[in-house]
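A quick write-up on the structure given underneath.
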Amino acid sequence: MIDASPLPVQTGDGHRFELLARVPTQPRARLLWLPALGVAARHYLPFADALAARGIAVYLHEWRGNGSSSLRPSRTQDWGYREILEHDLPASLAQMPEDAVTPLIIGGHSLGGQLACCFVGLHPQRFARLWLVASGTPYWRTFPAPRGWALPLVYRFLPWLAQRQGVLHGKKLGFGGTEARGLIRDWSRVGLNNHYAAAGMATDLEAGMRTLQGQATAVVMDHDWLAPPSSMQALLAKMPGMRAQLSVLSAQALGTRADHFAWMKTPEAVVERLFHSFE
């Protein structure tokens, strides 16, 4: 039997959202899952259902500004990595039932995977494992040529555009949703210098990742230009103490396109790779 009741969450700064949950009767582990940029939590329900059927309790975090979030970015509503790392993720974690026996996993897709790495670096004793799917650092030098050569221009143009418009209208650009300009600034800086930092937050995120110990399981798709294997390898290299396992899945293995998003509707192959690493 699977409990599918959403959990209401409120942060210290007043942000409200729902934590979507798929919880089997006797879970073998608990997973806090972070979505890709601009993707609402509900789009990961097939993924959560497949994991719950294997005994993994899944809690789908909702990004500030998306889906059930009470906020929407605007000229007067702005945020970046700091608000996510200091307010939103701790609030989601606090709503997950306490369990001293069941291992706690954190993971994410794309930007969600990146911020999962940052968050576990801030709380290294809380999590037993790290699961990453179609993720990696956006640093331009980790992308194959010639596409990688164009990325520095993108990382300078998008923050300028977001500042000018008050938000980034990502859907018009085919990148994300309507995004807060502070979030785009933080993300773009990583793309230019490969250094994770949150504006307004003094904590050294890179130092936290370097101290991590444990196991990381990473899955990328072999035709995903947004998260090529080299990008994921560079992200994993920031955590040298982690035992990392990287799989590259083909369209044949996935049963769908081997791109950034198609796996979400047919997640079985990805789930199998993640679950196999847990057994």
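Taking both residues in full, the closest heavy atoms of Gly113 and Ser135 are given as CA-OG, 3.6 Å, listed atom of the first, atom of the second, then distance. The minimum heavy-atom distance linking Val23 with Ala57 is given by the pair CG1-CB, 4.0 Å. A pairwise comparison of heavy atoms in Glu179 and Gly38 identifies OE2-CA, 3.2 Å as the closest pair. Counting all heavy atoms, side chain and backbone alike, Phe47 lies closest to Val270 at CE1-CG1, 4.4 Å. Contact record, Val58 with Ala48: CG1-CB, 3.7 Å, taken as the closest heavy-atom pair. Across all non-hydrogen atoms, the minimal contact from Tyr196 to Pro138 is OH-CD, 3.6 Å.
Side-chain atoms of Ser69 come within 3.5 Å of backbone N or O of Leu71 as a donor-acceptor pair. Under the 3.5 Å distance criterion, the side-chain polar atoms of Ser74 are matched with a main-chain donor or acceptor of Thr76. In this structure a side-chain-to-backbone donor-acceptor pair under 3.5 Å is missing from Ser92 to His61. For Gln215 (side chain) and Arg129 (main-chain N/O), no donor-acceptor pair under 3.5 Å exists by modelled atom type. In this structure, the side chain of Asp186 engages the main chain of Tyr81 through a donor-acceptor pair within 3.5 Å.
By the neighbour-count criterion of 12 heavy atoms within 6.0 Å, atom NE2 of His223 is sparsely surrounded, having that number or fewer from other residues, nucleotides or ligands. Within a 6.0 Å sphere centred on CZ of Arg257, heavy atoms belonging to other residues, nucleotides or ligands number 12 at most.
Here the rule is side-chain hydrogen bond (donor to acceptor under 3.5 Å, both in side chains) with Ser68, and of Glu62, Arg42, Glu18 only Glu62 fits it.
For Gln165 and Arg75, the side-chain atoms include no donor-acceptor pair closer than 3.5 Å. In this structure, a donor-acceptor pair under 3.5 Å is absent between the side chains of Ser250 and Asp222. For the 3.5 Å distance criterion, the side chains of Arg273 and Ser247 qualify, holding a donor opposite an acceptor. For Asp88 and His15, the side-chain atoms include at least one donor-acceptor pair closer than 3.5 Å. Counting only N and O atoms by type, the side chains of Gln245 and Ser277 include no donor and acceptor under 3.5 Å apart.
Ile105 has its side chain out of reach of Leu274: every pair of non-hydrogen atoms, C-beta onward, lies at least 4.5 Å apart. The shortest side-chain heavy-atom distance between Arg28 and Arg54 does not fall under the 4.5 Å cut-off. When side chains are defined from C-beta on, Met221 does not count as touching Val248, because their heavy atoms never get closer than 4.5 Å.
Under the rule for a side-chain contact (heavy atoms from CB on, under 4.5 Å), the partners of Arg16 that lie at least two apart in sequence or sit in another chain are Gln10, Ser70. Residues meeting the ring pair (Phe, Tyr, Trp, His ring centres under 6.0 Å) test with Trp79, sequence neighbours left out: none.
Among pairs with a residue in residues 147-164, none fulfils salt bridge (charged side-chain N to carboxylate O under 4.0 Å, His left out), at least two apart in sequence or across chains.
With salt bridges taken as basic N to acidic carboxylate O contacts below 4.0 Å, one links Asp13 and Arg64.
Placement of Trp33 and Phe17 in two distinct hydrophobic clusters is found when ILVMFWY residues are connected by side-chain heavy-atom separations under 4.5 Å, directly or transitively. No continuous path of ILVMFWY side-chain contacts below 4.5 Å connects Met209 to Trp131, so the two sit in separate hydrophobic clusters. Cluster annotation: Phe127 is not connected to Phe275 through the hydrophobic network of ILVMFWY side chains, with a link wherever side-chain heavy atoms come within less than 4.5 Å.
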>> What verdict does the ring-ring contact (aromatic ring centres under 6.0 Å, His included) test give for Phe119 and His123, after you've listed the backbone C-alpha separation in whole Å, the side-chain angles of each residue and the deciding distance to 0.1 Å?
In response: CA-CA 6 Å; Phe119 190 65; His123 305 278; 4.5 Å; yes
> Would His109 and Tyr44 satisfy side chain to side chain donor-acceptor pair (under 3.5 Å), going step by step from the backbone distance to the final call?
Replying inline: CA-CA 10 Å; His109 174 204; Tyr44 294 91; 2.6 Å; yes
> Given Leu20 and Leu45, is the side chain to side chain contact (heavy atoms under 4.5 Å, CB included) satisfied, shown in steps?
Replying inline: CA-CA 8 Å; Leu20 300 184; Leu45 288 174; 4.3 Å; yes
